[in-house]
There are 2 protein chains.
Amino acid sequence: MRAVTIKDVAKAAGVSSATASRVLSGNPATSPESRAGVEAAATRLGFVPNAQARSLRSTRTDTIALLISDVRNPYFSDLAHAVEQQARAAGIMTFIGNANEDSGQQDDFLAAMLSRRVDGLIIVPQGLGEDAGRPSEMMQRMIASGTPMVFVDRTLAGVEVPSVTVSSARALEQGIARLAGLGHCRIAFIGGPAHASTARERREAFDAALEANGLAPEACLHFAGDFKAASGAEGARWVAAHPARPTAVVIADAPMAIGALGVWREAGVRIGPELSVLSFDEVDTLLMHDPPIATIGHDLSQMGRAAVTALQAVMAGRQPESEQFTSHFTPRSSLATARPITSTMTQGSATP
Amino acid sequence: MRAVTIKDVAKAAGVSSATASRVLSGNPATSPESRAGVEAAATRLGFVPNAQARSLRSTRTDTIALLISDVRNPYFSDLAHAVEQQARAAGIMTFIGNANEDSGQQDDFLAAMLSRRVDGLIIVPQGLGEDAGRPSEMMQRMIASGTPMVFVDRTLAGVEVPSVTVSSARALEQGIARLAGLGHCRIAFIGGPAHASTARERREAFDAALEANGLAPEACLHFAGDFKAASGAEGARWVAAHPARPTAVVIADAPMAIGALGVWREAGVRIGPELSVLSFDEVDTLLMHDPPIATIGHDLSQMGRAAVTALQAVMAGRQPESEQFTSHFTPRSSLATARPITSTMTQGSATP
DNA sequence: TTCAGCTATGAAATCGATTCCATGGAATCG
DNA sequence: CGATTCCATGGAATCGATTTCATAGCTGAA
């Protein structure tokens with residue numbers, strides 16, 4: 001039951017609450033004496049200002065919120081860490097919310113933030129439905145509220161919010177070129193959910209990269225996952241059972257890759273010799289894998305910093321340009337020469 | 001610039017703000033007509049109650065905060081996910097804060113929470129200094145404030161806060177027994193920072209387990225890390241360069257294990273045959289490693305649920321018992337027969 | 001000496017909801 | 001039928017800070 005209010009401090013210091021407030025908020029219109037008295041009283045009583053009352057009157061909270069789409073995805077926890085450290089350096093407190101790749105949970109968090117009036121929001125947005133980018137009603141309301149916000153990693157269509165994203169087209173083209181050079185011509189793609197713009201971008205980049213390398217994109221080699229490990233595992237089983245079994249697989253994020261690799265390990269599929277794997281997101285687990293997995297990734301701390309900088313610009317009333325980084329392709333030994341499969345599951349036409 | 005307040009809603013519905021408030025907060029003392037009118041007006045105007053104002057008056061926020069010690073540690077992100085889902089099921093919003101294994105950042109977060117009056121707190125506490133459990137001044141103030149709180153994973157000495165922890169003594173004894181059975185007698189320990197109670201508990205359990213298996217604990221085989229990857233890497237180099245090179249290593253958390261495994265891979269140390277590795281925390285990366293790493297772990301979703309349940313009890317005014325789970329040892333192929341090292345670094349007495 | 005200008009200050013309004021209190025009217029009871 | 005309870009309601013106080021606004025006390029210029 002704590003009750004130390006600014007009035008208690010004021011009384012203890014023998015001044016009015018107005019003066020106490022001025023001292024505590026650094027207003028220069030205060031005498032050295034009252035300053036000393038109030039500060040002494042405040043520390044002595046252990047005064048903690050009530051943030052509710054303060055921001056109710058002054059509309060400033062000195063906090064931003066970061067909404068990521070999956071805490072357990074190391075990609076996003078790296079991002080969270082980067083954002084948080086950068087904000088901290090600027091004297092801003094960060095709350096992290098988890099949308100769990102779910103539009104409903106995203107909306108709940110947005111509603112909480114809207115009623116709680118944070119100073120700014122950094123969001124990894126989820127779209128609605130199949131068109132991969134329609135903002136939810138709650139999101140529209142959030143935007144309409146005028147709360148400074150910035151999108152990071154993903155975007156939504158038809159919405160004017162500055163964003164910090166990454167383009168993977170070039171890296172993917174390099175990766176596919178490498179695979180093509182190794183003789184692969186049936187390359188499967190385990191993709192992400194329609195509600196994520198990155199999922200769409202990666203799939204399109206994949207198709208474009210195939211064409212650029214003289215390979216025909218085939219719909220039957222696309223598997224639609226949801227960016228989580230379980231769907232990666234499912235994708236792995238789908239690949240293994242595929243009638244025209246692919247010799248290489250590109251996976252659109254790390255959790256799915258991890259799920260898939262677990263299945264292949266169980267099934268005794270040798271990564272590299274039997275199946276080349278290229279995954280998005282350069283995370284520890286993929287590098288730790290044996291053989292290490294080739295990745296398409298980028299610097300998340302850079303991206304986190306850029307997001308905070310952009311948000312600060314928006315909070316200052318400016319309109320920062322959207323920024324786009326470029327991811328890089330790192331070949332590793334999970335990419336190997338295409339060979340006819342000789343496992344028990346072999347079927348269809350074997351390339352001699 | 002949003003301005004839809006409860007007064008606007010009341011006016012639109014032709015009632016007073018008191019009635020509007022009653023309707024919106026589900027007070028039964030309202031007529032069907034005003035209920036209908038207010039609800040219609042609220043949705044039509046897109047009314048979002050101001051949480052600041054609400055909780056200023058009613059001291060309830062329907063939010064809890066979870067303070068974890070490292071977002072990037074998969075162990076804690078699993079915990080965060082579990083807590084969040086459980087709280088969500090109970091209609092409670094969760095904010096996540098990151099202490100980054102740093103007492104100062106922990107205190108900043110606590111200060112923000114104290115002034116923001118969350119309904120409850122679930123904390124992975126950091127102690128101060130070498131005695132691994134002294135609460136910081138801010139933490140003491142937090143406790144004194146009477147805010148319902150629960151410790152999870154770690155505890156602080158001399159503080160009466162219900163906690164949900166895990167005991168690893170038995171699992172560690174089993175693990176050491178297995179190592180001893182494989183002929184290991186120089187087992188190193190890469191431990192955690194003094195500010196974490198788990199670090200201390202694990203080191204003590206390690207020493208006890210050695211004794212229980214007839215091995216003498218030697219201080220020179222203890223390496224003090226900080227639960228982060230970089231210190232694990234350092235520990236790995238320390239092991240490799242150790243004058244009396246150990247044949248097995250126990251590592252106190254996953255990030256350090258990952259850091260260490262990276263170094264050993266670089267150095268060409270073969271895990272299993274050359275060096276047996278047993279790590280705490282059963283996370284993907286360790287299972288994905290080749291060979292898979294033996295672990296001591298436990299069910300985090302169970303622990304997260306227990307923490308939320310305990311917190312709800314505290315919030316309801318009860319005093320729940322502290323709960324302690326037991327972790328389990330899972331042997332994997334990273335544990336193998338002790339053999340004399342024949343690598344380039346070999347030195348000291350070789351066992352024939 | 002007097003008046004404008006400045007500074008430090010306190011009283012009071014304010015932010016937006018909740019909640020206490022009083023009240024008028026309907027329903028119930030003796 | 002008169003008295004009592006009950007119910008929905010509006011007015012006003014309240015939460016704890018910030019922020020006007022007015023003022024008293026000083027300083028410095030004319």
Side-chain angles (χ1 to χ4, degrees), chain A residues 1-39 41-42 45-63 111-119 145, chain B residues 1-39 41-42 45-63 111-119 145:
Chain A
M1 226 56 34
R2 35 151 279 105
V4 184
T5 74
I6 201 169
K7 280 189 186 169
D8 302 323
V9 174
K11 199 189 294 177
V15 298
S16 75
S17 62
T19 301
S21 169
R22 277 186 274 257
V23 169
L24 295 171
S25 59
N27 189 315
T30 48
S31 70
E33 302 89 66
S34 46
R35 221 171 300 155
V38 169
E39 268 157 15
L45 298 177
F47 171 65
V48 179
N50 184 319
Q52 259 105 35
R54 172 193 297 222
S55 55
L56 176 58
R57 184 66 230 253
S58 64
T59 30
R60 278 206 29 231
T61 56
D62 285 323
T63 47
M113 288 303 119
L114 194 50
S115 80
R116 199 164 296 267
R117 319 281 140 114
V118 289
D119 289 347
S145 79
Chain B
M1 225 61 30
R2 36 152 277 105
V4 184
T5 74
I6 200 169
K7 280 189 187 168
D8 301 323
V9 174
K11 199 188 293 175
V15 298
S16 74
S17 61
T19 302
S21 169
R22 277 186 275 257
V23 169
L24 294 170
S25 59
N27 190 316
T30 48
S31 70
E33 302 89 65
S34 45
R35 220 172 301 155
V38 169
E39 269 157 15
L45 298 176
F47 171 65
V48 178
N50 183 319
Q52 259 105 34
R54 170 191 300 217
S55 55
L56 176 58
R57 182 67 229 255
S58 65
T59 31
R60 277 203 34 230
T61 55
D62 284 325
T63 48
M113 288 304 120
L114 195 50
S115 81
R116 201 163 295 266
R117 319 282 138 112
V118 290
D119 288 347
S145 78

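Numbered from 1 within each chain, the chains take letters A, B, ... in sequence-line order. The shown structure was predicted, so the numbers you read here are calculated from the model rather than taken from an experiment.
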What is the distance from [atom1] of [X] to [atom2] of [N], rounded to the nearest Å?
X	N	atom1	atom2	answer
A/R57	C/dG16	CZ	P	9 Å
B/D8	C/dG16	CG	C1'	11 Å
B/R116	D/dA17	CZ	P	14 Å
A/F47	D/dG16	CZ	P	10 Å
A/N50	C/dA17	CG	P	16 Å
A/N27	D/dT18	CG	P	11 Å
A/R117	D/dT18	CZ	P	18 Å

Report task. Respond yes when some side-chain nitrogen or oxygen of A/S34 is under 4.0 Å from OP1 or OP2 of C/dT9, and no when none is. Result -> yes

Query - B/T5 side chain near C/dA17 phosphate (N/O to OP1/OP2, under 4.0 Å) - result: yes

Query raised in the report: Can B/I6 and B/S21 be said to form a side chain to side chain contact (heavy atoms under 4.5 Å, CB included), step by step?
Result: CA-CA 7 Å; B/I6 200 169; B/S21 169; 3.7 Å; yes

**Report entry** Among D/dC15, C/dA12, D/dA17, the one nearest A/A18 by side-chain distance
**Finding:** C/dA12

Report summary line: Testing D/dT19, C/dT18, C/dT9 for proximity to the side chain of A/S58, the answer is D/dT19

Query - Polar pair under 3.5 Å, donor/acceptor by atom type, side chain B/R54, base C/dT18 - result: no

**Report entry** Pair of N/O donor and acceptor under 3.5 Å linking C/dG10 base with A/R22 side chain
**Finding:** yes

Query raised in the report: Under 3.5 Å, side chain of A/D119 to main-chain N/O of A/R60, donor-acceptor pair present?
Result: no

Query raised in the report: Would you say the side-chain atoms of B/S58 pair up with the backbone N or O of B/R54, donor to acceptor, closer than 3.5 Å?
Result: yes

Query raised in the report: Is the closest side-chain donor-acceptor distance between A/T30 and A/R22 under 3.5 Å?
Result: no

Query raised in the report: Mind checking who C/dT19 pairs with, Watson-Crick or G-U wobble, both distances under 3.5 Å?
Result: D/dA12

